[in-house]
Amino acid sequence: MLALSEMMTYFDNDIQEKYSDFLKELNNEQYYLSTNSEIIEAVIKFNIALLILDEKPKSNNLETHVLYSDLLMTEFYTIMAKHNHYKILFDIVMLTKQSIIKKSKFFDSHKNLSNEDKKRLFFAPIEYLITNGFLNESMNRKIEAFLDNGENNER
């Protein structure tokens with residue numbers, strides 16, 4: 001399995017720049033409350049894959065963009081199965097499905113999203129980790145800082 005920071009090198013430079021500092025924060029084990037960092041990192045990879053798939057890649061990099069996002073998701077599924085964490089897998093998939101439906105409704109309504117809405121819609125898997133005691137609640141501040149920095153104004 002590739003480290004997330006290593007895998008990011010395969011994406012467009014603008015995507016790397018947008019997420020590099022945030023990824024460093026997410027991969028800081030001082031925020032991990034669970035001893036199974038592999039589970040936490042798998043969920044983070046899944047969430048990052050979702051965020052990246054919402055990005056528009058350069059036309060000459062579309063295939064790589066999708067393939068490496070798929071690889072991030074595959075690592076999530078593989079690690080969940082390896083550790084028999086099917087409840088976490090199910091919960092994350094259901095949360096993701098719900099957030100995708102809600103995102104579509106927001107975009108169809110042409111409403112501006114508040115940072116709280118963005119956090120719930122774009123970071124549901126990481127929020128799951130916080131809510132269920134895998135990550136320290138201070139990770140919420142890292143997400144809020146990412147959103148406050150205008151990183152996702154286009155969302």
Side-chain angles (χ1 to χ4, degrees), residues 3-5 7-34 36-37 39-59 61-62 65-66 68-77 79-80 85 87-155:
L4 186 54
S5 58
M7 199 173 294
M8 288 302 293
T9 62
Y10 295 98
F11 293 97
D12 292 340
N13 286 338
D14 52 338
I15 291 173
Q16 289 180 49
E17 289 173 20
K18 182 174 186 173
Y19 292 101
S20 63
D21 289 340
F22 184 57
L23 289 174
K24 287 176 191 168
E25 294 289 344
L26 290 176
N27 284 321
N28 187 336
E29 290 191 15
Q30 79 179 29
Y31 299 110
Y32 294 11
L33 297 176
S34 172
N36 193 338
S37 62
I39 299 297
I40 295 169
E41 290 168 4
V43 175
I44 289 171
K45 284 180 179 181
F46 184 80
N47 202 144
I48 295 300
L50 293 172
L51 291 169
I52 290 172
L53 285 171
D54 282 341
E55 300 286 344
K56 184 176 180 180
K58 294 177 181 159
S59 61
N61 204 19
L62 181 61
H65 182 87
V66 172
Y68 279 97
S69 295
D70 284 349
L71 180 58
L72 288 170
M73 289 183 171
T74 299
E75 287 191 12
F76 164 73
Y77 292 117
I79 290 168
M80 292 298 119
H85 285 296
K87 180 184 178 339
I88 295 171
L89 173 66
F90 178 78
D91 290 348
I92 297 290
V93 168
M94 293 309 294
L95 279 170
T96 302
K97 182 179 176 182
Q98 292 167 1
S99 68
I100 289 170
I101 291 168
K102 289 176 186 175
K103 271 194 277 188
S104 293
K105 288 180 182 178
F106 266 112
F107 290 132
D108 288 343
S109 71
H110 301 288
K111 291 181 182 176
N112 287 332
L113 295 173
S114 69
N115 277 356
E116 194 59 38
D117 291 332
K118 289 177 185 179
K119 193 166 87 172
R120 281 195 309 274
L121 295 177
F122 294 104
F123 295 97
I126 292 173
E127 285 288 314
Y128 176 90
L129 292 175
I130 295 166
T131 302
N132 289 282
F134 290 92
L135 283 176
N136 188 300
E137 288 220 10
S138 61
M139 186 55 70
N140 273 319
R141 288 193 295 280
K142 301 300 177 186
I143 294 170
E144 290 162 5
F146 178 74
L147 293 170
D148 285 342
N149 285 335
E151 301 274 345
N152 286 314
N153 283 339
E154 71 279 2
R155 295 185 188 271

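Values below: all heavy atoms of this structure, side chains included; hydrogens, waters and symmetry mates excluded.
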Looking at Glu137, I'd like to know if its CD atom is crowded, meaning that more than 12 non-hydrogen atoms belonging to other residues, nucleotides or ligands lie closer than 6.0 Å.
no
Sub-3.5 Å donor-acceptor pair from the side chain of His65 to the main-chain atoms of Lys56, do we have one?
no
Between Leu33 and Gly133, what is the shortest heavy-atom contact and its length?
CB-O, 3.3 Å
Mind telling me whether Phe122 and Phe107 have parallel, tilted or perpendicular rings, with 30° and 60° as the class edges?
tilted
Could you give the distance from OG (Ser34) to CD (Glu29), rounded to the nearest 0.5 Å?
10.5 Å
Which label fits Phe134 and Tyr128: parallel for a plane angle under 30°, tilted from 30 to 60°, or perpendicular past 60°?
parallel
Please report the closest heavy-atom contact between Lys142 and Tyr31, naming both atoms and the distance.
CE-OH, 2.8 Å
Hey, what do you get for CG (Asp12) to CD (Glu17), rounding to the nearest 0.5 Å?
10.5 Å
Of the non-hydrogen atoms in Leu50 and Pro125, which two are nearest, and what is the gap between them?
CD1-CG, 4.1 Å
Closest heavy-atom pair, Leu147 versus Asn115, reported as atoms and distance to 0.1 Å, is CD1-O, 3.5 Å
Mind checking whether Lys102 and Asp117 have side chains closer than 4.5 Å, heavy atoms only?
no
Rounded to the nearest 0.5 Å, how far does CG of Leu121 lie from CD of Gln98?
11.0 Å
dist Leu129:CG -> Asn47:CG (nearest 0.5 Å) comes out at 8.5 Å
After noting the C-alpha distance and the side-chain angles of Phe123 and Leu51, does the key distance pass the side-chain contact (heavy atoms from CB on, under 4.5 Å) rule?
CA-CA 8 Å; Phe123 295 97; Leu51 291 169; 3.6 Å; yes
Taking the side chain as C-beta and beyond, is there a heavy-atom pair between Leu72 and Phe46 under 4.5 Å?
no
Side-chain heavy atoms of Phe11 within contact of Ser69, under 4.5 Å:
yes
How long is the straight-line distance from CD1 of Ile79 back to OG1 of Thr74, given to the nearest 0.5 Å?
11.0 Å
Does the side chain of Ile88 come within less than 4.5 Å of Met80's, by heavy atoms?
yes
Salt bridge or not for Lys18 and Asp14, using N-O below 4.0 Å?
no
Would Ile126 and Ile130 count as a side-chain contact (heavy atoms from CB on, under 4.5 Å) here? Give the steps.
CA-CA 6 Å; Ile126 292 173; Ile130 295 166; 4.3 Å; yes
May I ask you to check whether Ser138 and Asn136 show a side-chain donor-acceptor distance below 3.5 Å?
yes
Minimal non-hydrogen separation, Ile15 against Ile52, with atom names:
CG2-CG1, 4.2 Å
Can you find a heavy atom in the side chain of Glu41 that is under 4.5 Å from one in the side chain of Leu26?
no
Do the non-hydrogen side-chain atoms of Leu71 and Glu75 ever get within less than 4.5 Å of each other?
yes
Closest non-hydrogen atom pair, Tyr19 against Glu55
OH-OE2, 2.7 Å
Pair Asn13, Gln16 - check side-chain contact (heavy atoms from CB on, under 4.5 Å), show working.
CA-CA 5 Å; Asn13 286 338; Gln16 289 180 49; 3.6 Å; yes
So does Arg120 pair up with Glu127, basic N to acidic O under 4.0 Å?
no
Taking atom OH of Tyr68 and atom OG1 of Thr9, what is their separation to the nearest 0.5 Å?
7.5 Å
Is there side-chain contact between Asn36 and His85, with at least one heavy-atom pair below 4.5 Å?
yes
Minimum side-chain heavy-atom gap Asp54-Lys103 below 4.5 Å:
yes
